[in-house]
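Below is one structure, written out as structure tokens; the observations come after it.
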Amino acid sequence: MMFDRYSRYEGFRDTPRKRSAVLRKQKAEREALPLFADQVAALQPSVDEVMSRRAQRADVVEVERRQFTAKWWRIARQTYFGLPAEQKAKVQVRWHRWWGPRNSSCLLYLCSQAKAEQL
């Protein structure tokens, strides 16, 4: 089965540009309510806290994305291998000629096309 590989997760990168964006956001929040700027500033987390939360969240999101992708590949493969031999052959030919992205939703699309042609 041919498929497009996903890039390897390299973790969250803490860059000076991201840090300055956090500072700009916090400044804009304080300037939006000038009468309560002191209270708003007291509630705002430090840049280090924001970056550590983003790093933790990025790891969680990556795990969730990989689980989601794997789930749909399992469904697509189950659908493909559940087809009769002639429909499976059609899907295989179309999959090898497929010029679009090679992901699970495209394989499911080809399987549904093959099913619809038999009706």
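Residue numbers count from 1 along this sequence.
The list of salt bridge (Lys or Arg N to Asp or Glu O under 4.0 Å) pairs with a residue in residues 12-22, not counting sequence neighbours, reads E10-R13, D14-R19, R19-D48. Sorted by first and then second residue, the salt bridge (Lys or Arg N to Asp or Glu O under 4.0 Å) pairs involving residues 94-111 (not counting sequence neighbours) are R94-E117.
Here the shortest heavy-atom pairing between C106 and P101 reads SG-O, 3.2 Å. In this structure, V91 and A114 approach most closely via the heavy-atom pair CG2-CB, 3.6 Å. Closest approach of Y109 and S112 over heavy atoms only: O-OG, 2.7 Å. Contact record, A76 with S104: CB-O, 3.8 Å, taken as the closest heavy-atom pair.
Under a hydrophobic-cluster definition in which Ile, Leu, Val, Met, Phe, Trp and Tyr are linked whenever side-chain heavy atoms come within less than 4.5 Å, directly or via other members, W98 and L107 are assigned to the same cluster. Under the 4.5 Å side-chain heavy-atom criterion for Ile, Leu, Val, Met, Phe, Trp and Tyr, W72 and L110 are members of distinct hydrophobic clusters. Under the 4.5 Å side-chain heavy-atom criterion for ILVMFWY residues, a single connected hydrophobic cluster contains both V40 and L35.
In this structure, CZ in R77 is found 12.0 Å from SG in C111, a value given to the nearest 0.5 Å.
Here Y9 pairs with A58, D59, E62 under the side chain to side chain contact (heavy atoms under 4.5 Å, CB included) rule; sequence neighbours left out. For T69, the side chain to side chain donor-acceptor pair (under 3.5 Å) criterion is met by no residue, not counting sequence neighbours.
With side-chain heavy atoms closer than 4.5 Å counting as contact, directly or through intermediates, the hydrophobic cluster containing V50 also holds F12, V22, L23, V47, M51. Counting side-chain heavy-atom gaps under 4.5 Å among Ile, Leu, Val, Met, Phe, Trp and Tyr, V63 is found in no cluster with other residues.
When each of E49, K27, R30 is paired with Q44, the side chain to side chain donor-acceptor pair (under 3.5 Å) condition holds for R30 and for no other.
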Verdict with reasoning, N103 to Y6, per side-chain contact (heavy atoms from CB on, under 4.5 Å): CA-CA 10 Å; N103 56 31; Y6 292 98; 4.3 Å; yes
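Side chain of Q87 to main chain of G82: no donor-acceptor pair is present (N/O by atom type, distance under 3.5 Å, no hydrogens or angles).
The shortest distance between side-chain heavy atoms of F3 and W73 falls below 4.5 Å. In this structure the side chain of K90 never reaches within 4.5 angstrom of the side chain of L83, judged on heavy atoms.
Other residues, nucleotides and ligands contribute more than 12 heavy atoms inside 6.0 Å of the CD atom of E64.
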